[in-house]
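First the structure, in the form of structure tokens, and then the observations on it.
Chain A is the first sequence line, chain B the second, and so forth, proteins listed ahead of strands; every chain is numbered from 1. Computed from a predicted structure; not experimentally measured.
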Amino acid sequence: MPELPEVETVRRQLAAVLPGRRIKGVDVRLARILRNIAPEALQERIIGRRFTGVDRRGKFLILHLDDGARLIVHLRMTGRMTVARAGDPEWPYTRVVVSLDGGSELRFSDVRTFGTWHYAGDTGGEPPGLAAMGVEPLSDGFTPDTLAGVLAGRRAPVKAVLLDQRRIAGIGNIYADEALFRAGIDPARPAGSLSAEEVTRLHEKIREVLQASLEKGGTTVRDYVNGRGVPGEFQKYLEVYGRAGQPCRRCGTQLVKRKVAGRGTHVCPRCQR
DNA sequence: ATAGCGCCCTGGTGGC
DNA sequence: TGCCACCAGGGCGCTA
């Protein structure tokens, strides 16, 4: 599932090739991917425009156009955003193709069709979650005090708070489990019950695991590929996610999978308290 | 305000 | 071997 490291990897690659490219055509093969605009209206608005830059906010990709409008894309579970030469083989389940000058194409494929595109012009049109997005965990604004404030007084499981995009942006199921393991904290603990020391440790581990994954091009469990169609490498370094039944690398105890915050949750029952 | 849950969607998997 | 229930889960809308 694309989370912050995966989306940031895609962003960097798109930012290297899209700016300056002019949109020649838009082929929408599944209209409901476009959440706030019809295919014909999208074509009318963006054909002839040039891309000027690519940003990321949480798990959203924000593609800027030269008239100030933005295409805001969320990959959700199985979305893939790639740039390829026109005529090169497509991924299966390609849903949207934006053809560009110079002979390349921006392609969006998505098996499960959870992914979304929003067109945001002068009149708004941002997806609801974007404006309410919480702090970027790799930014300077994310400090141990920030995390303490986010967790304080909450009775929800600490994992639920880490997954809440309005509190912290970009953490999904994989990195929540990995950060909590590395910090030695049981995901089911009420968020407000963490000691100052535990909060500091969790803050450090969140940043460490996101940064480490980013350096490996993200995690590919099944579907994720980067902007050039290449899988990530960080799955080799996962400590708990997807390792239920296998021994903890730290203590040898068999890792278990249970449900926390409605999500499959991977823990070492000995290392995490 | 907060917390929990069901829904969307499809392919892969595991059990019988 | 074949079938089918179940699981994966981000974000959103609904409920208490």
Side-chain angles (χ1 to χ4, degrees), chain A residues 1-8 10-11 29-36 56-62 72-81 91-96 108-118 120 124-134 136-137 149-180 187-194 210 213 218-225 231-232 235 238 240-246 255-267:
Chain A
M1 313 91 228
E3 305 179 24
L4 189 154
E6 291 77 31
V7 180
E8 176 63 18
V10 173
R11 184 202 71 76
R29 302 179 193 171
L30 185 65
R32 66 181 150 79
I33 295 292
L34 309 182
R35 301 313 283 251
N36 67 341
R56 179 192 57 76
R57 188 76 174 88
K59 302 172 195 169
F60 287 99
L61 281 170
I62 303 170
I72 302 168
V73 177
H74 200 298
L75 304 176
R76 295 292 182 102
M77 311 299 299
T78 56
R80 292 169 165 172
M81 190 76 137
W91 291 107
Y93 309 101
T94 295
R95 311 299 190 182
V96 183
F108 178 78
S109 88
D110 189 0
V111 174
R112 287 167 65 185
T113 74
F114 276 23
T116 59
W117 283 43
H118 284 77
E126 291 194 347
L130 186 58
M133 193 67 60
E136 285 289 335
V150 159
L151 300 178
R154 308 203 172 278
R155 284 192 290 270
V158 58
K159 174 166 176 177
V161 179
L162 296 187
L163 292 174
D164 186 344
Q165 303 299 297
R166 296 167 303 173
R167 318 258 175 222
I168 307 171
I171 298 175
N173 207 39
I174 294 174
Y175 299 109
D177 282 6
E178 292 295 318
L180 286 162
R189 290 262 305 279
S193 76
L194 270 61
L210 293 175
S213 178
T219 300
T220 297
V221 174
R222 175 168 298 164
D223 297 287
Y224 168 72
V225 296
Q235 61 276 11
L238 297 177
V240 288
Y241 186 88
R243 297 194 65 240
Q246 299 177 50
L255 300 174
V256 300
K257 184 176 182 182
R258 51 180 196 244
K259 237 181 177 64
V260 176
R263 300 287 175 242
T265 299
H266 311 74
V267 294

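The side chain of Tyr93(A) contributes an N or O atom lying less than 4.0 Å from OP1 or OP2 of dG11(B).
Across its full length, the helix from dT2(B)-dA16(C) to dC16(B)-dG2(C) shows an angle of 60° between the axes of its 5 terminal pairs at either end, rounded to 10 degrees.
Among the atoms of the strands shown, none is found under 4.0 Å from any heavy atom of Arg166(A). Within 4.0 Å of Pro157(A), counting heavy atoms only, lie sugar-phosphate atoms of the nucleic acid but no base atom. Pro128(A) comes within 4.0 angstrom of sugar-phosphate atoms only, judged by non-hydrogen atoms across all strands, and of no base. If you check every strand for non-hydrogen atoms under 4.0 Å, Gly129(A) touches sugar and phosphate atoms only. Nucleic acid contact for Tyr241(A): sugar-phosphate only, since backbone atoms but no base atoms lie under 4.0 Å from a heavy atom of the residue. Arg167(A) comes within 4.0 angstrom of sugar-phosphate atoms only, judged by non-hydrogen atoms across all strands, and of no base.
Each of Pro127(A) and Thr265(A) has a nearest nucleotide on DNA chain C; the 5'-most of these lies closest to Thr265(A). Two residues, Arg76(A) and Arg154(A), neighbour DNA chain B, and the one matched to the more 5' nucleotide by heavy-atom proximity is Arg154(A).
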Using the side-chain hydrogen bond (donor to acceptor under 3.5 Å, both in side chains) rule, take Thr113(A) and Arg95(A) through it: C-alpha gap first, then chi angles, then the decisive distance, then the call.
CA-CA 8 Å; Thr113(A) 74; Arg95(A) 311 299 190 182; 5.5 Å; no
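The aromatic rings of Tyr241(A) and His266(A) lie tilted to each other, with the angle between the two planes from 30° to 60°.
In this entry the distance linking CZ of Arg222(A) with C1' of dA8(C) reads 8 Å, nearest Å. Here the C1' atom of nucleotide dA8(C) and the CD atom of Gln235(A) are 17 Å apart, to the nearest Å. Computed from coordinates, the Arg95(A) CZ to dC9(B) P distance equals 11 Å when rounded to whole Å.
The side chain of Arg263(A) sits closest to dG11(C) out of dG11(C), dC9(B), dA3(B).
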